[in-house]
Amino acid sequence: MSRPLTNRLTTLPVNIRQSKATVSISSSPTPRLFTQSSARWDDWKADRPRMQARPKTESFLETVLNSSPPSRNRTAQSSNAMNDLSQSMVFQALNNKPNIDTSALSGKAYEPPQRREDEQEPYHFHVYSHKHNTHITCTKPNREPIISMSCGNIGYRKSRRGTFDSAYSLTKYVLERLIHTGWPMKIQRLELVLRGFGQGREAVVKVLMSPEGKILRDKIVRVADSTRIKFGGTRSEKPRRL
């Protein structure tokens, strides 16, 4: 059987062990520093790029002490920059459009945009006519009523209130009241709003087309129909049988 390595080494003579140790130590090459070889060092220095000197940077304290006062200089610079920007060709082109306001950039006072005449709300002449009566209401552009009357206010009673003659008389009376109070001089634009399909609907149109309605006929800019249209809803009333 083979003996372990330690036992075999211990059995060797002392001189043989020393010679083997010296041979193993002397056989290993000694490490050599990179800087001791002159050729390699010269080649490395030649290939290495020269480092440029860094620019001297100011310290944080010097930048703070050398900085100018920010309050007045910055406001003056910002105002000059905004004035130059407002006077540029781009903003001059934008100023030609009425919907864009650049007065704040140029330092001018704000001017609210004025509405065009077509966008202004007109006066309203409401006519609500059904088979039992006719109602006429004249309102301001903000929907405040000027006058509101029906056929019952001028003396018609019961079934006579829904006739053509009562609606004709009511329209003439309302126009006389408006002329007497001077409202036609204030009304520049008027909208006629019709509602319902009673006999008073045709009567009001006849009066406005007659010489009595000439004072308001020339000021009508729009005719609208606001008749309610039923979609489903509750059950209709039973038709009357005679």
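Here OG1 of Thr171 is found 13.0 Å from NZ of Lys206. Values are rounded to the nearest 0.5 Å. How far CD of Glu202 is from CZ of Phe197: 10.5 Å, rounded to the nearest 0.5 Å. Between atom CD of residue Glu176 and atom OG1 of residue Thr181 there is a gap of 11.5 Å, rounded to the nearest 0.5 Å. Distance check, rounded to the nearest 0.5 Å: CG of Asp165 to CD of Gln199 gives 8.5 Å. With rounding to the nearest 0.5 Å, the separation of CG in Leu190 from CG in Leu208 is 8.5 Å.
Nearest heavy-atom pair, Leu178 versus Pro184, reported as atom, atom and distance to 0.1 Å: O-CD, 3.1 Å. Across Leu170 and Cys151, no two heavy atoms sit closer than the pair CD2-N, 3.7 Å. Closest approach of Gly213 to Leu175, counting heavy atoms only: CA-CD1, 4.0 Å.
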Please evaluate residues Glu121 and Arg143 with respect to the criterion salt bridge (charged side-chain N to carboxylate O under 4.0 Å, His left out), reporting the C-alpha separation (whole Å), side-chain torsions for both, the decisive distance (0.1 Å), and the verdict.
CA-CA 10 Å; Glu121 190 72 18; Arg143 308 292 174 157; 3.2 Å; yes

Could you go step by step and tell me if Met149 and Tyr173 meet the side chain to side chain contact (heavy atoms under 4.5 Å, CB included) rule?
CA-CA 9 Å; Met149 299 188 72; Tyr173 182 78; 3.3 Å; yes

Under the side chain to side chain contact (heavy atoms under 4.5 Å, CB included) rule, what do Glu144 and Thr139 come out as? Steps first, then yes or no, please.
CA-CA 5 Å; Glu144 292 182 2; Thr139 61; over 6 Å; no

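With a 4.5 Å cut-off on side-chain heavy atoms, Arg201 and Val127 do not count as touching. When side chains are defined from C-beta on, Ile147 does not count as touching Thr137, because their heavy atoms never get closer than 4.5 Å. You'll find the side chain of Thr134 reaches within 4.5 Å of the side chain of Ser129, heavy atoms only. Using a 4.5 Å heavy-atom cutoff, the side chains of Gln188 and Tyr123 are not in contact. Here the side chains of Phe125 and Glu191 are not in contact, with every heavy-atom distance at 4.5 Å or above. The shortest side-chain heavy-atom distance between Val204 and Val207 does not fall under the 4.5 Å cut-off. Taking the side chain as every heavy atom from C-beta outward, Val223 and Val193 never approach each other to under 4.5 Å. The shortest distance between side-chain heavy atoms of Leu192 and Leu194 falls below 4.5 Å.
By the 6.0 Å and 45° rule, Arg161 does not stack over the aromatic ring of Tyr156.
In Lys219, the NZ atom is crowded: over 12 heavy atoms of neighbouring residues, nucleotides or ligands sit closer than 6.0 Å.
A donor-acceptor pair is defined here as one N or O able to donate and one able to accept, closer than 3.5 Å; such a pair exists between the side chain of Thr227 and the backbone of Gly196. A distance-only check finds no donor-acceptor pair linking the side chain of Ser226 to the backbone of Arg195 [under 3.5 Å]. Not a single donor-acceptor pair under 3.5 Å links the side chain of Ser150 to the backbone N or O of His135. Looking at Arg189, its side chain does come within 3.5 Å of a backbone N or O of Gln120 through a donor-acceptor pair. Ser169 places no side-chain N or O within 3.5 Å of a backbone atom of Ser166 that could act as its donor or acceptor partner.
Aromatic ring orientation, His132 versus His130: perpendicular (interplanar angle above 60°, classes split at 30° and 60°).
For residues 233-242, the pairs satisfying side-chain hydrogen bond (donor to acceptor under 3.5 Å, both in side chains) are Lys230-Ser236, with sequence neighbours left out.
Note on Ile187: it does not cluster hydrophobically with Val221, by side-chain heavy-atom contacts below 4.5 Å among ILVMFWY residues.
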